[in-house]
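Remember, it's a predicted structure, so these values are computed and weren't measured experimentally.
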Amino acid sequence: MNMDNIFDVNLLAREKVRKLIPYMSARRLGGNGDVWLNANEYPLAPDFQFTEQTLNRYPDCQPVSVIHHYAAYAGLQPEQVLACRGADESIELLIRVFCEPGQDAVLFCPPTYGMYSVSAEAFGVEQKKIATQENWQLDIKEIENNLDRVKLIYICSPNNPTGNPINPASLRKILELTTNRAIVAIDEAYIEFCPENSIASWLKNYPNLVILRTLSKAFALAGLRCGFTLASVDIIALLLKVIAPYPLSTPVAHIAAQALTAEGIAIMKKRVIEIKENRDYLQQALNKLAIVEKICPSETNYILVKFYDAETVFRTLWHKGIILRDQRKQPGLDGCLRITIGTRKECEQVVEAISALSTKNKQPKEIES
């Protein structure tokens, strides 16, 4: 064989894609464990049954039962709701609709969810990264000074991986600064753990506001890949122009509709109470350990913990089959690991494993506020 004629597909790929560093999801990172606390999933599988017998037919683009159930749950009209393949698809749809590559920019505030950056990079859209302040709140002045050419802003609230809701006064200020010039997408993936912080009710007052939601977290359906975009009727109409013809498969739609019934929502709320109780236990137990430097307050199903020796903690637990999420490469998160709240038994296993690494007893530290 003539080696000069070997086909190199990379030569045909877009330069942006060749250079792109993909988002490293929990499953991509791997690990061989039985305590999975790195992907913010609910630890136990919910019980849903698939009984539809219409798999020979294509599903609706926007399944009516799912849309109507979610609209009722969110307190909106069905025309303000778009169902999609997780909130991740919403992130990309907004870029495709509102951002011209090489011309427009997206803005977000690290440390935050990594897919904002990956999606923008994949579409060749400039990124403006405005670091949050030390308390993980938005730097409004810096954002205001960097709005030139920005068409889309992503704000995660509560923020992943820090766990804190964003001050509503800051969100209102951003919406006012971007009136008639940019879309503000508030990612509320974890809002069921602090529903009082949702700003979905603001949609009637801010036509440039978009809310991203998911069934992956409190609804315990990460494997379903079902999310929602909440916005004005006009924005939803634009997103429908570029969404895939059949974003939700028939099984996904069938199970999502079950999860969004009154009974399904009630079960979700009980699940949230359980997770909060386990979160409180884990925070208090870890706060007593000498190897723990700081625990960030959280309104989610995970906590961000800063350790004096995060490398040892991460690797030791990894080898014990307890898989955490390493956040040390994120801006401002040196020494930080993110720990999903699992069952009480799993939380106890985490505490036991980390306790063995602490060399001395220490009085409880204050959880930062």
Which residues satisfy the salt bridge (charged side-chain N to carboxylate O under 4.0 Å, His left out) test with R181, sequence neighbours excluded?
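If we apply the salt bridge (charged side-chain N to carboxylate O under 4.0 Å, His left out) test to R181, skipping adjacent residues, there are no hits.
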I need the full list of ring pair (Phe, Tyr, Trp, His ring centres under 6.0 Å) pairs touching residues 258-280, with sequence neighbours left out, sorted by first then second residue.
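Applying ring pair (Phe, Tyr, Trp, His ring centres under 6.0 Å) to every pair that reaches into residues 258-280, excluding sequence neighbours, yields nothing.
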Whether the [X] and [Y] side chains hold a donor-acceptor pair (N or O, under 3.5 Å, no angle test) is what I'd like checked.
{"X": "E188", "Y": "S198", "result": "yes"}
{"X": "Y302", "Y": "R325", "result": "no"}
{"X": "D47", "Y": "Q49", "result": "yes"}
{"X": "Q349", "Y": "E346", "result": "no"}

Taking [Y]'s backbone N and O only, do any of them form a donor-acceptor pair with [X]'s side chain (distance below 3.5 Å, no angle check)?
{"X": "T340", "Y": "L37", "answer": "yes"}
{"X": "Q80", "Y": "Q77", "answer": "yes"}
{"X": "E92", "Y": "A122", "answer": "no"}
{"X": "K306", "Y": "V292", "answer": "no"}
{"X": "T261", "Y": "A257", "answer": "no"}
{"X": "T316", "Y": "V313", "answer": "no"}
{"X": "R279", "Y": "N301", "answer": "no"}

With rounding to the nearest 0.5 angstrom, report the [atom1] to [atom2] distance, [X] to [Y].
{"X": "F108", "Y": "C156", "atom1": "CZ", "atom2": "SG", "value": "12.0 Å"}
{"X": "L138", "Y": "S157", "atom1": "CG", "atom2": "OG", "value": "8.5 Å"}
{"X": "N164", "Y": "E299", "atom1": "CG", "atom2": "CD", "value": "9.5 Å"}
{"X": "E192", "Y": "L215", "atom1": "CD", "atom2": "CG", "value": "8.0 Å"}
{"X": "I140", "Y": "N145", "atom1": "CD1", "atom2": "CG", "value": "11.5 Å"}
{"X": "L282", "Y": "I275", "atom1": "CG", "atom2": "CD1", "value": "11.0 Å"}

With the 4.5 Å side-chain cut-off for hydrophobic clustering, are [X] and [Y] part of the same group?
{"X": "V305", "Y": "I323", "result": "yes"}
{"X": "I155", "Y": "W136", "result": "no"}
{"X": "I341", "Y": "I267", "result": "no"}
{"X": "I255", "Y": "V64", "result": "no"}
{"X": "I191", "Y": "Y73", "result": "no"}

Just grab all the side-chain hydrogen bond (donor to acceptor under 3.5 Å, both in side chains) pairs involving [range], residues at least two apart or on different chains.
{"range": "residues 119-132", "answer": "S117-Q127, E121-Q127, E126-R149"}
{"range": "residues 99-112", "answer": "D104-K151, T112-N159"}
{"range": "residues 55-70", "answer": "Y70-R213"}

Linking Ile, Leu, Val, Met, Phe, Trp and Tyr through side-chain heavy atoms less than 4.5 Å apart, which residues share a cluster with I273?
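None, because no other hydrophobic side chain comes under 4.5 Å of this residue.
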Ring pair (Phe, Tyr, Trp, His ring centres under 6.0 Å) partners for F50, two or more places apart
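F50 satisfies ring pair (Phe, Tyr, Trp, His ring centres under 6.0 Å) with H254 only.
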For Y42, what residues pass the ring pair (Phe, Tyr, Trp, His ring centres under 6.0 Å) criterion, not counting sequence neighbours?
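Checked Y42 against ring pair (Phe, Tyr, Trp, His ring centres under 6.0 Å); zero matches.
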Please walk me through it: do F219 and F48 pass ring-ring contact (aromatic ring centres under 6.0 Å, His included)?
CA-CA 12 Å; F219 282 92; F48 291 106; 9.3 Å; no
Answer yes or no: is there a side-chain heavy-atom contact under 4.5 Å between [X] and [Y]?
{"X": "T162", "Y": "P111", "answer": "yes"}
{"X": "N40", "Y": "S216", "answer": "no"}
{"X": "L333", "Y": "L304", "answer": "yes"}
{"X": "T300", "Y": "N160", "answer": "no"}
{"X": "I143", "Y": "L107", "answer": "yes"}
{"X": "R172", "Y": "W202", "answer": "yes"}

Would L171 and I199 count as a side-chain contact (heavy atoms from CB on, under 4.5 Å) here? Give the steps.
CA-CA 9 Å; L171 297 178; I199 63 168; 4.1 Å; yes
Tell me which donor-acceptor pairs under 3.5 Å the side chains of residues 231-249 have, and how far apart each pair is, sequence neighbours excluded?
{"from": "S232", "atom 1": "OG", "to": "I235", "atom 2": "N", "distance (Å)": "3.2"}
{"from": "S249", "atom 1": "OG", "to": "V252", "atom 2": "N", "distance (Å)": "3.4"}

I need the minimum non-hydrogen distance between A189 and D187, along with the two atoms involved.
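What the structure gives for the nearest pair is N-OD1, 3.2 Å.
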Could you pull out all residues at least two apart from N167 that satisfy side-chain hydrogen bond (donor to acceptor under 3.5 Å, both in side chains)?
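So N167 forms no side-chain hydrogen bond (donor to acceptor under 3.5 Å, both in side chains) with any residue.
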Residues which pass side-chain hydrogen bond (donor to acceptor under 3.5 Å, both in side chains) with T312, listed by chain and number, not counting sequence neighbours
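Once residues adjacent in sequence are excluded, the partners of T312 under the side-chain hydrogen bond (donor to acceptor under 3.5 Å, both in side chains) criterion are D309.
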Counting neighbours of CD on E196 that are heavy atoms of other residues, nucleotides or ligands and sit closer than 6.0 Å, is the number greater than 12?
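Yes.
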Do the numbers put R96 on top of the ring of F123, so that NZ or CZ is under 6.0 Å from the six-membered ring centre and no more than 45° off the axis?
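Because its charged atom misses either the 6.0 Å distance or the 45° angle limit, R96 does not stack over F123.
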Determine whether I153 and V106 satisfy the following criterion, side-chain contact (heavy atoms from CB on, under 4.5 Å), listing intermediate values before the conclusion.
CA-CA 6 Å; I153 297 176; V106 301; over 6 Å; no
Kindly determine whether Y154 and Y116 satisfy ring-ring contact (aromatic ring centres under 6.0 Å, His included), including the steps that lead there.
CA-CA 7 Å; Y154 294 110; Y116 310 141; 4.8 Å; yes
Take R315 and E311, measure what salt bridge (charged side-chain N to carboxylate O under 4.0 Å, His left out) needs, and give me the verdict at the end.
CA-CA 6 Å; R315 290 298 167 194; E311 174 68 22; 3.5 Å; yes
Please evaluate residues L357 and L289 with respect to the criterion side-chain contact (heavy atoms from CB on, under 4.5 Å), reporting the C-alpha separation (whole Å), side-chain torsions for both, the decisive distance (0.1 Å), and the verdict.
CA-CA 9 Å; L357 298 173; L289 305 182; over 6 Å; no
Before giving the answer on side-chain contact (heavy atoms from CB on, under 4.5 Å), spell out for K217 and F193 the whole-Å C-alpha distance, their side-chain angles and the decisive distance to 0.1 Å.
CA-CA 9 Å; K217 310 304 179 185; F193 298 98; 4.2 Å; yes
Identify each donor-acceptor pair in which a side-chain atom of residues 81-88 lies under 3.5 Å from a protein atom, sequence neighbours left out, and give them as a table.
{"from": "R85", "atom 1": "NE", "to": "E89", "atom 2": "OE1", "distance (Å)": "3.3"}
{"from": "R85", "atom 1": "NE", "to": "E89", "atom 2": "OE2", "distance (Å)": "3.2"}
{"from": "R85", "atom 1": "NH2", "to": "E89", "atom 2": "OE2", "distance (Å)": "2.6"}
{"from": "D88", "atom 1": "OD1", "to": "Y113", "atom 2": "OH", "distance (Å)": "2.6"}
{"from": "D88", "atom 1": "OD2", "to": "Y113", "atom 2": "OH", "distance (Å)": "3.4"}
{"from": "D88", "atom 1": "OD2", "to": "R225", "atom 2": "NH2", "distance (Å)": "3.4"}

